[in-house]
S.K.: 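Okay, here's the structure, questions in a sec.
Numbers here simply count residues along the sequence, with the first being 1.
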Amino acid sequence: MMNVEYFNAKNNEESVSVNGKKLHSAYNPSREAENFVQGIECSFNPKFILITEPCLSYCAEHLRKRFSDSKIICVRYSHLFDNKNSLFDYVFYCSESKDFGNLLYNYFGEEGLSYCLFISWKAGEDVFTEEYTKCWQGIKNAVIKGRNVITTRKYFSLRWAKNSIKFLSNVNRVCTINKIDSPILICASGPGLQSSLVKIKENRKLFFLICVSSALNPLLENQIIPDLCISTDGGFYAKEHLKPLLKNKIPLALPLEANVPVKVLRENTIVPLIYGDGLFEEILNLNNIQTIKAERNGTVSGTSSILAQNLTHHKIFFCGLDLQESKGFNHTQPNILEINDSLSDYRFKTKETRLAPASFKSQALEIYRQWFSNKNFDSQIYRLSFNYEYKNNLGDIKDINWDEALNIISQDKPDIIEDKDFFTDTNTVNTEKILQDIKVYIDKNHNSMQFLKNLIPLEYIEYEKYKNTVKETEVLEKMNEHKIKAISSLLNMIKTT
């Protein structure tokens with residue numbers, strides 16, 4: 001129980017103490033707050049100021065004066081000072097969130113966290129010690145996640161741009177997906193998929209079947225043909241999972257930045273996905289290529305779940321969505337990358353040694369779990385298995401068995417999948433025109449901030465962060481240097497295509 005006492009300071013302003021500890025000056029709270037704000041060290045232009053538990057919030061006025069272009073965000077440790085919340089642009093309550101770090105990340109994003117100045121009102125942290133510890137651990141987690149995402153974007157940005165050029169210069173036949181008046185089954189490649197393969201085969205006609213790229217080989221090996229494969233990974237090894245499509249002309253949904261074998265782009269039916277912020281997506285519009293809006297996500301299963309919700313009003317079922325460390329294989333076999341890796345196993349570098357890291361705690365899997373756990377799917381999505389128990393909980397996604405799933409489907413009375421055509425061809429692609437459009441697009445946009453944000457994200461963020469400071473010239477030169485190298489690399493790729 002907290003003992004809260006309000007009193008008048010010497011200058012007649014309101015002050016307060018909690019459990020005998022003063023949260024503001026007993027003489028002049030406004031002057032104290034002004035001195036606090038003026039003493040803040042900041043070498044960049046923050047777009048956000050986040051202050052933790054400012055209590056009666058005398059500092060808000062002075063923060064706005066000093067950082068006039070910044071949004072002022074407050075984190076409360078309790079509801080004692082809610083009557084001062086109107087002084088801030090947004091207010092968080094860290095104690096009311098299961099994962100405060102994820103809450104912050106969802107609000108700011110990786111770029112917003114880079115532009116944010118984090119400060120603490122010292123008196124607040126001294127009184128609310130447990131809340132302070134939890135809050136700043138959450139801030140640390142959010143900042144680390146943001147840095148990791150930006151590092152990933154920096155590492156992959158040029159590769160994504162080149163993948164986009166490869167897509168646009170090789171794609172031949174494109175189509176779009178019609179609305180689906182049936183349940184959708186999404187197959188991820190976690191170990192839980194193995195248990196359901198026999199049931200998927202038995203009940204294949206009840207679902208529109210989407211498989212993520214890493215689940216394609218296990219399905220085909222069990223004579224299960226998906227209606228649609230989806231891939232979003234732009235990494236070098238991602239295209240290995242898609243090699244079975246060279247012999248199976250299954251439609252493939254993917255964004256421009258995904259890494260795909262050239263022959264698949266030329267010979268398979270492609271469903272283009274756009275995120276709304278990807279480099280060269282405008283080229284699709286210029287060539288009247290119909291696309292489907294998708295949501296960028298760290299895992300292809302996340303993108304698949306939102307895509308499925310946009311395609312049907314019926315129930316959606318997931319198999320193999322384990323998102324969990326494993327003592328054995330992390331994926332249902334046969335997995336193409338596992339097959340490739342096994343070729344290097346020998347007596348002094350055994351399979352057991354190679355698989356051991358899969359049992360260690362994975363930050364990536366934790367991020368994916370948190371995303372699914374915190375997402376509201378309106379009870380439309382279920383996680384499905386057969387005599388298999390998932391080792392975690394995914395929030396709104398309920399775990400059910402196949403008997404329960406079939407009962408839900410029978411009550412839903414969906415259309416039967418067999419002999420239905422879910423795809424509509426749009427047009428073939430004029431590659432020569434597209435390559436010319438790309439060159440014109442680069443020439444027109446090479447100085448635009450949105451273009452640079454996609455092509456050289458870290459340098460762009462650094463420039464935005466230090467613009468109008470003593471470091472502006474330094475970061476601008478660095479950004480221009482990286483821009484010239486990246487654009488030269490893209491133009492060379494176009495020449496050799």
Side-chain angles (χ1 to χ4, degrees), residues 182-230 241 244 248 250 299-302 304-305 308 314-339 341-342 351-352 355-359 362 364-366 368-369 371-373 377 379-410 412 414 417:
S182 302
I184 292 178
L185 174 64
I186 305 173
C187 289
S189 64
L193 173 63
Q194 184 69 50
S195 72
S196 288
L197 290 173
V198 63
K199 288 293 185 180
I200 295 172
K201 195 169 184 178
E202 287 176 7
N203 299 281
R204 177 65 186 86
K205 295 178 182 179
L206 297 178
F207 304 95
F208 180 87
L209 179 55
I210 299 175
C211 79
V212 308
S213 54
S214 55
L216 178 61
N217 206 43
L219 291 179
L220 294 177
E221 287 291 320
N222 285 275
Q223 294 77 51
I224 300 169
I225 309 298
D227 294 295
L228 178 71
C229 181
I230 180 170
H241 291 303
N248 299 271
I250 299 164
T299 171
V300 63
S301 293
S304 301
S305 65
H314 291 276
K315 298 300 184 183
I316 299 165
F317 303 88
F318 253 110
C319 287
L321 190 66
D322 291 66
L323 302 179
Q324 184 68 44
E325 296 80 5
S326 172
K327 290 184 178 180
F329 294 112
N330 257 352
H331 303 279
T332 291
Q333 301 303 305
N335 178 275
I336 289 184
L337 294 185
E338 161 61 26
I339 293 171
D341 290 344
S342 68
K351 178 177 75 172
E352 289 73 17
L355 294 180
S359 64
S362 165
L365 286 176
E366 176 62 25
Y368 304 154
R369 282 195 297 268
W371 185 85
F372 275 99
S373 297
F377 292 102
S379 301
Q380 186 183 8
I381 298 182
Y382 297 88
R383 188 165 59 167
L384 186 54
S385 65
F386 180 56
N387 294 331
Y388 179 89
E389 185 177 349
Y390 289 107
K391 298 176 182 178
N392 53 42
N393 178 277
L394 294 183
D396 184 56
I397 299 178
K398 182 181 178 182
D399 291 345
I400 61 173
N401 59 42
W402 273 86
D403 288 339
E404 292 172 298
L406 295 175
N407 183 51
I408 291 170
I409 293 169
S410 65
D412 205 22
I417 295 296

S.K.: With no hydrogens and no angle check, is any side-chain donor or acceptor of Gln223 less than 3.5 Å from a backbone partner on Glu221?
M.R.: yes
S.K.: Quick check against the 3.5 Å criterion: does Ser196 have a side-chain atom that pairs as donor or acceptor with the backbone of Leu193?
M.R.: no
S.K.: So which atom in Ala188 and which in Val212 form the shortest heavy-atom distance, rounded to 0.1 Å?
M.R.: CA-CG2, 3.8 Å
S.K.: Going by side-chain hydrogen bond (donor to acceptor under 3.5 Å, both in side chains), name the residues that satisfy it together with Trp371, two or more places apart in sequence or in a different chain.
M.R.: none
S.K.: Quick one: are His314 and Ile408 in side-chain contact, heavy atoms under 4.5 Å?
M.R.: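 No. Closest side-chain heavy atoms not under 4.5 Å.
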S.K.: Starting at CG of Asn407, measure out to CD1 of Ile400 and round the result to the nearest 0.5 Å.
M.R.: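 Taking CG in Asn407 and CD1 in Ile400, the distance rounds to 9.5 Å.
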S.K.: For Glu202, check salt bridge (Lys or Arg N to Asp or Glu O under 4.0 Å) against everything at least two apart and list the hits.
M.R.: Lys199
S.K.: Please tell me if the side chains of Ile225 and Leu220 come closer than 4.5 Å, counting only heavy atoms from C-beta onward.
M.R.: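 In short, these two side chains touch, coming nearer than 4.5 Å.
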S.K.: How long is the span from the CG atom in Leu209 to the SG atom in Cys187, to the nearest 0.5 Å?
M.R.: 5.0 Å
S.K.: Does a side-chain heavy-atom distance below 4.5 Å link Leu219 with Leu197?
M.R.: yes
S.K.: Under a 4.5 Å cut-off applied to non-hydrogen side-chain atoms, are Tyr368 and Ser301 in contact?
M.R.: no
S.K.: Rounded to the nearest 0.5 Å, how far apart are OH of Tyr382 and CD1 of Ile397?
M.R.: 11.5 Å
S.K.: For the atom pair CD (Gln380) and OG (Ser305), what is the distance rounded to the nearest 0.5 Å?
M.R.: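 Here the rounded value is 10.0 Å.
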S.K.: Would the distance check show the side chain of Asn392 and the main-chain N or O of Leu323 forming a donor-acceptor pair, the cut-off being under 3.5 Å?
M.R.: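 Yes, the answer is positive, given that a donor and an acceptor are paired below the 3.5 Å cut-off.
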S.K.: Determine whether a donor-acceptor pair (N or O, by modelled atom type, separation under 3.5 Å) exists between the side chain of Asp322 and the backbone of Tyr390.
M.R.: no
S.K.: About how many Å separate OG of Ser304 and CD1 of Ile210, when rounded to the nearest 0.5 Å?
M.R.: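 Here the interatomic distance stands at 6.5 Å.
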S.K.: Pick out which of Ile186, Ile184, Ile409, Ile200 makes a side chain to side chain contact (heavy atoms under 4.5 Å, CB included) with Phe207.
M.R.: Ile409
S.K.: Any pair with a residue in residues 395-407 that passes salt bridge (Lys or Arg N to Asp or Glu O under 4.0 Å), sequence neighbours left out, goes on the list, sorted by first then second residue, please.
M.R.: Arg383-Asp399
S.K.: What's the shortest heavy-atom distance between Leu406 and Asn203, and which atoms?
M.R.: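 Result for this residue pair: CD2-OD1, 3.6 Å.
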S.K.: Are the side chains of Cys319 and Phe386 in contact, using a 4.5 Å heavy-atom criterion?
M.R.: no
S.K.: Mind checking the CD1-OG spacing from Ile230 to Ser213? Nearest 0.5 Å is all I need.
M.R.: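 OG of Ser213 is found 9.0 Å from CD1 of Ile230.
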S.K.: Please report the shortest heavy-atom distance between Tyr388 and Pro191, naming the atom on each side.
M.R.: OH-CB, 3.7 Å
S.K.: Might you point out which heavy atoms bring Ala215 and Pro218 nearest each other, and give the distance in Å?
M.R.: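 Smallest interatomic distance, heavy atoms only, reads O-CD, 3.2 Å.
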S.K.: Kindly indicate whether the side chain of Leu216, heavy atoms from C-beta on, has any atom under 4.5 Å from the side chain of His241.
M.R.: no
S.K.: Of all heavy-atom pairs between Ile250 and Pro226, which one has the smallest distance, and what is that distance?
M.R.: CG2-O, 3.6 Å
S.K.: If we ignore hydrogens and angles and just use 3.5 Å, is the side chain of Arg369 paired with the main-chain N or O of Phe372 as donor and acceptor?
M.R.: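 No, Arg369 side chain to Phe372 backbone: no donor-acceptor pair under 3.5 Å.
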